[in-house]
Amino acid sequence: MKKIVINGMRPLYGEIEISGMKNSALPIVYSTLLVNGKCTVDNIPFVNDVLLSLEILRHLGVKVTAKSSSCIEIDTTDISLCDPPMDLVRQMRASYYLMGAQLGRFGTAHVCYPGGDDFGIRPIDQHIKGFEALGAKVNVSGGYIDIEAKNTLSGANVFFDVVSVGATVNVMLAAVRTEGVTIIESAAREPHIVDLANFLNTCGAQISGAGTDTIKITGVKELHGCNYTIIPDMIEAGTYMVAAAVAGGKVKINNIIPKHMESISAKLLEMNVSVEEYDDYVVVSRDGDLSCCNIKTLPYPGFPTDMQPQFASALCFADGVSHIFEGVWDNRFRYVDELRCMGANIDVSGRNATIKGTRNSLTGAAVRAIDIRAGAAMIIAALGAEGRTEIAGVDVIERGYVDMVGKLAAIGADIFKIGE
Ligand code: UD1
């Protein structure tokens, strides 16, 4: 079995290049289904979820050509409506962007329920509400979602009951080529929503307000190809910032947008970590002990749920009692059992976790990556732990991180893969 092995307690020194943002690349890749022509997309992170998405697109007739190690050309000229393969769609969450993309291009979509990480119940009622507001008929049965809107789609007001990244993306995709004006209220404000809007606008769409809670989309007849560069991955950057905080040393994290890092940097500063911000990089270092703090995850610009497990690992090493409230998902503490194998003292009650930390609290153990960010949390825990940790579930981590082992090894971590 493939595993990541880490011998802990080695400080990190050097530079890390941050890759393109997975959570931008995924909706952008699916949104190319709305384009008639070729798009050249740069700063693509070739993580497993992106590779799987490109594989799904190939089944729909899309031609994907690699241009460099981080650039692809996506040619959607000859696509036709067909059912995407169920076994692939069910391996990931973002495949549900096929709903909005196929609806926007063909006026109909037939897609099976997506898979993805298990954070508790992951409803799609807001996606359906949005499609129906635009005039589609939606039928969910037998594990499939049937969406029908031949000649009935038109711009409309969509008011979401909860802030949802996925539903915001799907309604944007369905509305961008739909006649009339669509206004999305209570829209998600994540940087990846802005990136998707910028990409679509570069293809000729008329979207304004992305990054605020009201997005206005004026439907256009067609979208054309374009050249586009994906924004840096704030969660990847945040993960390495926390890794540096736990391991100690001094790490320069390149190719980031510091504005996107604000909630993460603020927490690290509270934890007695030094974070120096520059135009497109940060330098993270720690001399003294980590301090405890409290965290509440929220939609952007709040503290991201995708950084919650990594911070939980770090707080195991912080003196005192920290509290985490998970404000987005019902069940995102399943990884805590793995940290307990390493000696963590964490109580979980519903959406609350209480972490009693001390400097040398964790020791190496055999653990596994429950999901992408939980896997990153195991790596962070192992970097600070005494002794050797073996982490199973390497493929899970590689769904979301580009060469995490290589990037950490290059700055002094004693980390390598076995069983390949
Ligand atoms: C969410 C995160 C995103 C993160 C991803 C993976 C937010 C707002 N979104 O995005 O940053 O990258 O998880 O960890 O932080 N919901 C409904 N009905 C729906 C859709 C969602 O009730 O139709 C609820 C969900 O149960 C959840 C919340 O809305 O409590 C946010 O979900 P959503 O943003 O859609 O999830 P993702 O797009 O996966």
Side-chain angles (χ1 to χ4, degrees), residues 21-28 30 45 47 49-50 53 92-100 111 113-133 138 140 145 147 158-174 184 186-196 210-211 213 215 231 233-239 260-261 263-264 295-312 324-335 350-351 369-377 396-397 399-401:
M21 186 156 177
K22 172 186 80 87
N23 288 343
S24 272
L26 292 170
I28 285 175
Y30 285 102
V47 292
D49 274 9
V50 172
S53 299
M92 65 184 304
R93 195 74 192 164
S95 56
Y96 65 5
Y97 296 142
L98 285 168
M99 295 190 293
V111 184
Y113 250 85
D117 292 326
D118 177 6
F119 306 143
I121 300 163
R122 296 188 78 170
I124 58 165
D125 58 305
Q126 299 303 305
H127 305 237
I128 292 172
K129 179 180 175 176
F131 297 144
E132 287 177 340
V138 184
V140 183
I145 306 140
I147 312 170
V158 178
F159 193 98
F160 289 132
D161 304 319
V162 291
V163 176
S164 159
V165 171
T168 303
V169 167
N170 255 328
V171 172
M172 285 168 75
L173 299 185
I184 306 176
S186 267
R189 292 182 281 168
E190 267 68 0
H192 30 301
I193 297 287
V194 180
D195 211 26
L196 172 65
D213 58 8
I215 299 177
I231 56 170
D233 195 320
M234 58 183 259
I235 303 300
E236 187 196 17
T239 299
H260 295 168
M261 309 309 304
S263 63
I264 296 165
I295 291 176
K296 181 176 183 177
T297 69
L298 288 168
Y300 190 84
F303 185 92
T305 177
D306 275 359
M307 285 302 301
Q308 183 257 94
Q310 301 90 315
F311 268 84
I324 299 181
F325 176 74
E326 172 52 53
V328 178
W329 298 111
D330 282 336
N331 188 10
R332 203 171 180 171
F333 287 118
R334 291 190 313 131
Y335 65 88
R351 287 174 171 233
I370 297 272
D371 58 59
I372 299 173
R373 309 305 171 188
V396 175
I397 295 171
R399 282 182 43 212
Y401 288 91

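Atoms within each ligand, like the ligands themselves, are counted from 1 in listed order. The analysis underlying the following values was restricted to heavy atoms, covering all of them including side chains, and did not include hydrogens, waters or symmetry mates.
- Contacts of A187 classified as side chain to side chain contact (heavy atoms under 4.5 Å, CB included), with partners at least two apart in sequence or in another chain: T168, I184, I215.
- Around ligand 1 you find N23, Y96, F119, I121, R122, P123, I124, D125, Q126, H127, V162, V163, S164, V165, G166, E190, P299, T305, D306, V328, W329, R332, each with a heavy-atom distance below 4.0 Å.
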Show the numbers, then the answer: is there a side-chain contact (heavy atoms from CB on, under 4.5 Å) between K129 and V138?
-> CA-CA 9 Å; K129 179 180 175 176; V138 184; over 6 Å; no

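- Closest of all the heavy-atom pairs between A376 and Q310 is CB-CG, 4.1 Å.
- Looking at residues two or more places apart in sequence or on another chain, you find a side chain to side chain contact (heavy atoms under 4.5 Å, CB included) between D330 and I121, R351.
- The ring-ring contact (aromatic ring centres under 6.0 Å, His included) test applied to F303 returns F311, not counting sequence neighbours.
- The minimum heavy-atom distance between Y30 and S53, with the atom names listed, is OH-OG, 3.0 Å.
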